[in-house]
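Report on one structure; see the data block that follows.
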Amino acid sequence: PSFLLSQHPSFEALVSEVFVRAAIDKLIQAKSPKAVENAALRRRTELASLLWHLYLVHINQSAVDNAPISKSELMQQDPGLFDDDGYFESLSFPYVRVSLNKNAYKKSDPRNPFGITGEISKFLRLLEEAGLIEKKPGFSNRDGKIKKPGDPGKQTRFRPDNALEVLFEKLPPKLHLARTPSKPKPDVFKRTNTPNAGDSAKLKWKAFDFYPICPTLIENSSLIDRYNDFIAKSKIHVSGARAGYLVEPIGKGHLRLVDTSNIFIRNQYHVVDPGKITYGRLHGGFWQNMKSSSRHLIRIGGERVVILDYKAMILNIAAARHNAQLPDDPYEVEFGFGDKEKSFQRQMIKKAVIIAINCRAANASFQAMRKEFKDDLGELYGLPFKKDVFHSIINALTTKYPFLDRVFFKGIGKDIFMDDANIARDIIARFLDAEKVVLPIHDGFVVQESDRDFLRQTMNGAWKARFATDIMVDEE
């Protein structure tokens, strides 16, 4: 909201008008003139955030009113995504969902960049009393279970009422386009202030200024800078997006917005010490935040897309580092659970590989696996997730692939991620040289349908240039 207040006088004027009309100054408890001034600025910033989200609802509703579209039309255009009735509810009756749990508004939480406070319910009450919003009571918690009024952690939905709609209509029609981001720096370097905390601690990696002189990192930086320049000139859009946002069903009746204006990527590194830089994966790009089932909605130059990815890439990189060739389906591993719920067993195998490669200790890996699967294991098999289950999975993996004894519980996951990121950069470089668009998703890539064969050849070549083994390339 800060950029809206500084760049758009019309939106700033709207915030000022609503601030007065809803008597937001009632929420200011400060006494001294300076403290009152600072408190008013914070409240205006919070109000601007709420109004901006309400404005997005307004323009989404306007798009529906002006260009109504039926469920059958969408199903014909893009079958597969639009099978969730909640999606159509969002198109015909969009709203903002917000948590009323004060713990959801911690200042240090990266999901709360504008410092919204836990008093948001007071804002909503004042806005409702002023006739500016209509509100629906809390309906569910994060697990999708219905909450009773007054329960902690409840959520509510709200949308602009007629009076606020009138104010929104006075805003410039293209105001929403101003959120288009400028090209960022190509690199982000992060470090933690607890480098020896171990696996049990949740390390907080924070960005800081770091200027490497390593030729490889400088080359990587130049590549991504060139990529972002190229992608900014490319025609990329998402079918079904409205006002630059795709409303995406995420299960249990919940929806989320994907901001399709976010088209830039960056190299993200973790600096363990001045001589140790790890991770290196490419982050950013709205396609990375989409559900895999909805990426088929992306259009490049007006053309439909395909998504190819490396099969079991992390496990294959670990194997290639030890000159071991894996079978086509390396996750086909038996660990004593028979044929019941094979897809669930496969999920546990895949997760166990990632966790055991990243963790430095078996117990930390066990705790992470238990947290992930204890409920489902109890529901599907009637079993608690104890250490014998964990060890049966690990033993089955190391028996089938002995090299994993030299990989598990060594904390080398970020080094392997650097390998997969380097392959992604190789593929990006090849596409840039060919003046073709490729959208990276770590181990997968989105391209135009007409570039399917070119991508497959490039992926196979990039792998062979670094490793002496073979890997399967699948199409989603």
Side-chain angles (χ1 to χ4, degrees), residues 199 251 279 281 288 290-293 295 307-322 324-362 364-381 383 385-421 423-424 440-445 459 463 467 469-476:
D199 295 319
Y279 196 62
R281 276 187 152 185
Q288 292 187 357
M290 295 174 73
K291 291 171 57 179
S292 59
S293 60
R295 289 194 183 114
I307 302 101
L308 304 186
D309 57 31
Y310 290 112
K311 192 167 187 176
M313 188 176 191
I314 299 304
L315 185 53
N316 266 288
I317 290 176
R321 282 171 154 231
H322 294 84
Q325 176 63 56
L326 295 181
D328 290 346
D329 187 2
Y331 291 129
E332 192 65 39
V333 178
E334 296 292 337
F335 56 95
F337 273 46
D339 293 329
K340 184 180 179 182
E341 302 292 344
K342 294 293 287 186
S343 61
F344 175 71
Q345 294 183 43
R346 186 181 181 83
Q347 289 178 34
M348 288 202 293
I349 289 289
K350 292 174 70 173
K351 198 71 175 182
V353 168
I354 299 297
I355 289 174
I357 286 176
N358 275 286
C359 287
R360 296 186 183 90
S365 297
F366 161 68
Q367 295 296 341
M369 285 286 292
R370 183 176 181 275
K371 182 178 180 180
E372 182 81 17
F373 293 110
K374 64 177 181 179
D375 292 339
D376 289 334
L377 191 70
E379 183 178 332
L380 296 175
Y381 295 92
L383 296 173
F385 197 101
K386 294 184 176 181
K387 285 190 176 181
D388 59 339
V389 174
F390 171 73
H391 288 302
S392 69
I393 297 173
I394 297 299
N395 290 338
L397 282 164
T398 54
T399 298
K400 186 165 185 176
Y401 309 121
F403 72 89
L404 288 176
D405 275 329
R406 292 169 282 166
V407 174
F408 283 171
F409 317 128
K410 301 294 189 297
I412 63 170
K414 289 181 180 178
D415 297 330
I416 291 178
F417 288 148
M418 181 69 88
D419 286 341
D420 85 19
I423 290 175
I441 323 168
H442 304 316
D443 61 351
F445 303 88
M459 290 175 71
W463 181 270
F467 302 116
T469 58
D470 294 320
I471 187 172
M472 290 284 291
V473 173
D474 283 343
E475 180 172 337
E476 289 187 5

My understanding is that only residues two or more places apart in sequence, or in another chain, count here; which of them pass side chain to side chain contact (heavy atoms under 4.5 Å, CB included) with Gln367?
Asn363

Would you name the heavy atoms of Asp328 and Lys311 that are closest together and state the gap between them?
O-CD, 3.5 Å

Could you check if a side-chain atom of Leu397 sits within less than 4.5 angstrom of a side-chain atom of Phe408, using non-hydrogen atoms only?
yes

Considering only heavy atoms from C-beta outward, does the side chain of Leu326 approach that of Thr469 to under 4.5 Å?
no

Shortest non-hydrogen separation from Phe335 to Ser392 and the atoms involved:
CB-O, 3.6 Å

Over all atoms of both residues, closest heavy-atom pair of Arg360 and Gly411
CG-CA, 3.9 Å

Expected output: side-chain Arg295 to main-chain Met290 donor-acceptor under 3.5 Å
yes

Identify the heavy atoms of Ile355 and Ser365 that sit nearest to each other, and give their distance.
CG2-CA, 3.6 Å

Flag side-chain contact, heavy atom, 4.5 Å: Asn316 against Tyr310
no

Distance check, rounded to the nearest 0.5 Å: Thr398 atom OG1 versus Asp405 atom CG?
5.0 Å

Can you confirm whether Ile357 sits close enough to Phe417 that some side-chain heavy atom of one is under 4.5 Å from a side-chain heavy atom of the other?
no

Do side-chain atoms of Glu334 reach the backbone of Ala396 as a donor and acceptor pair under 3.5 angstrom?
no

Do you know which two heavy atoms are closest between Leu380 and Lys340, and how far apart they sit?
O-NZ, 2.8 Å

Does the side chain of Glu379 come within less than 4.5 Å of Phe344's, by heavy atoms?
no

Before you tell me yes or no, could you show the steps for His442 and Gln288 under side chain to side chain contact (heavy atoms under 4.5 Å, CB included), namely the whole-Å CA-CA distance, both residues' side-chain angles and the distance that decides it to 0.1 Å?
CA-CA 8 Å; His442 304 316; Gln288 292 187 357; 4.3 Å; yes

Going from CG on Asp443 to CE on Met459, what distance comes out if it is rounded to the nearest 0.5 angstrom?
8.0 Å

Applying side chain to side chain contact (heavy atoms under 4.5 Å, CB included), run through Met369 and Ile393 and close with a yes or a no.
CA-CA 11 Å; Met369 285 286 292; Ile393 297 173; 4.2 Å; yes

How far does CE of Met348 sit from CD of Glu341, to the nearest 0.5 angstrom?
10.0 Å

Contact between Ile416 and Arg321 at the side-chain level, heavy atoms closer than 4.5 Å - yes or no?
yes

With side chain to side chain contact (heavy atoms under 4.5 Å, CB included) as the criterion, how do Phe385 and Asp376 come out once you've worked through the C-alpha distance, each side chain's angles and the decisive distance to 0.1 Å?
CA-CA 9 Å; Phe385 197 101; Asp376 289 334; over 6 Å; no

Are the side chain of Trp463 and the backbone of Ile423 linked by a donor-acceptor contact shorter than 3.5 Å?
no

Taking all non-hydrogen atoms of both residues into account, name the closest pair between Phe403 and Ala324 and its distance.
CD2-CB, 3.8 Å

Atom pair NZ (Lys400) and CD1 (Ile349), whose distance is rounded to the nearest 0.5 Å
9.0 Å

Quick one: which residue pairs count as a side chain to side chain donor-acceptor pair (under 3.5 Å) with a foot in residues 344-355, not counting sequence neighbours?
Asp329-Arg346, Gln345-Tyr381

Main-chain N/O of Asn358 paired to Lys414 side chain as donor or acceptor, under 3.5 Å
no

Just wondering, are more than 12 heavy atoms of other shown residues or ligands nearer than 6.0 Å to CG in Asp339?
no

Is the number of heavy atoms from other residues, nucleotides or ligands under 6.0 Å of Lys386 NZ greater than 12?
no

Would you indicate whether the side-chain heavy atoms of Phe409 and Ile394 approach each other to under 4.5 Å?
yes

From CG (Leu404) to OG1 (Thr399), nearest 0.5 Å:
10.0 Å

To the nearest 0.5 angstrom, please state how far the CG atom of Asp470 sits from the CD atom of Gln325.
5.0 Å

Is the closest side-chain heavy-atom distance between Tyr401 and Pro327 below 4.5 Å?
yes

So Leu377 and Phe337, side chain to side chain contact (heavy atoms under 4.5 Å, CB included) or not? Walk me through it.
CA-CA 11 Å; Leu377 191 70; Phe337 273 46; 3.6 Å; yes

